Amino acid sequence: MDVVIADTEHLLDEHHRIRREVFIDEQGVTEDEEWDGRDELPGTLRVLGLQDGEVVAAGRLLDLDSRDLNSPNPDTGDPDSIVAHLGRVAVAASHRGTGLGRELMVGLERLAAEHTTGPLRLVLDAQEYASGFYASLGYQPTARERFLDARIWHVEMAKQVR
Ligand code: COA
């Protein structure tokens with residue numbers, strides 16, 4: 001699968017289509033919850049996965065611009081460290097269970113690394129049922145307690161990518 005940035009109007013429409021199908025139609029997330037106003041922020045990348053030219057997966061990276069030399073990151077204490085967030089990870093229902101989710105995650109990590117320099121930590125809010133998926137990719141639960149988001153239980157997980 002090719003994992004690419006949705007950088008044209010058409011690709012953005014396709015990215016949004018996957019998120020709508022998976023999170024709004026399938027999981028019952030509301031419009032306001034899904035379109036949370038963070039898509040257009042600096043430091044955000046909207047990403048999609050193409051299999052044989054067909055868009056079958058989507059994901060989002062946030063806070064790729066999080067380095068602040070004047071304010072060391074509270075998570076790491078390292079002034080030079082980026083703590084970016086990864087989310088909206090979705091594979092079309094018709095294509096699940098064939099390794100595309102794993103390929104999507106590898107592609108998201110590659111794009112995060114390409115768009116940052118220095119130490120990079122990726123943090124995500126895993127729906128509890130999917131925590132095994134992320135654990136198999138090297139993400140570990142953080143100290144944060146499990147929490148409800150959009151009426152779904154989540155656990156925060158993180159991985160030091162670089
Ligand atoms: N729990 C534990 N392990 C899981 C899992 C789960 N829910 N889903 C997949 N895995 C494992 C697979 O068995 C596979 O392991 P293997 O490499 O040892 O065989 C590995 O993770 C990769 O699986 P893959 O086929 O790449 O996953 P996928 O294409 O089905 O995608 C999701 C996984 C979670 C992205 C997909 O189920 C999805 O889009 N779900 C709906 C949206 C969603 O809930 N996203 C997560 C929001 S936090």
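All residue numbers in this chain count up from 1 along the given sequence. As the structure is a prediction and not an experimental result, all values here were calculated from the model. Order of listing sets the numbers, starting from 1, for every ligand and every atom in it.
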request  = Kindly check if the number of other-residue, nucleotide or ligand heavy atoms within 6.0 Å of CD (E26) is above 12?
outcome  =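 Atom CD in E26 is packed in, count exceeds 12.
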
inquiry  = Taking the side chain as everything from C-beta on, heavy atoms only, tell me whether R20 gets closer than 4.5 Å to W35.
reply    =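 R20 reaches W35 side chain to side chain.
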
message = Less than 4.5 Å apart, side chain to side chain, heavy atoms only: is that true for Q127 and W153?
response =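 They are not in side-chain contact.
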
note = Protein neighbours of ligand 1 with a heavy atom under 4.0 Å, given by chain and number, are V22, F23, Q27, V89, A90, V91, R96, G97, T98, G99, L100, G101, R102, D125, A126, Q127, Y129, A130, G132, F133, Y134, S136

For residues 46-61, please give each side-chain donor-acceptor pair under 3.5 Å, one per line with the distance, not counting sequence neighbours.
{"from": "R46", "atom 1": "NH1", "to": "H16", "atom 2": "NE2", "distance (Å)": "3.2"}
{"from": "R60", "atom 1": "NH1", "to": "D36", "atom 2": "OD1", "distance (Å)": "3.0"}
{"from": "R60", "atom 1": "NH1", "to": "D39", "atom 2": "OD1", "distance (Å)": "2.6"}
{"from": "R60", "atom 1": "NH2", "to": "D36", "atom 2": "OD2", "distance (Å)": "2.9"}

ask   = Under the side chain to side chain donor-acceptor pair (under 3.5 Å) test, which residues partner T44, sequence neighbours left out?
value =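 For T44, no residue satisfies side chain to side chain donor-acceptor pair (under 3.5 Å) once neighbours in sequence are set aside.
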
task = Identify, with sequence neighbours excluded, every residue that meets salt bridge (charged side-chain N to carboxylate O under 4.0 Å, His left out) alongside R144.
result = E156

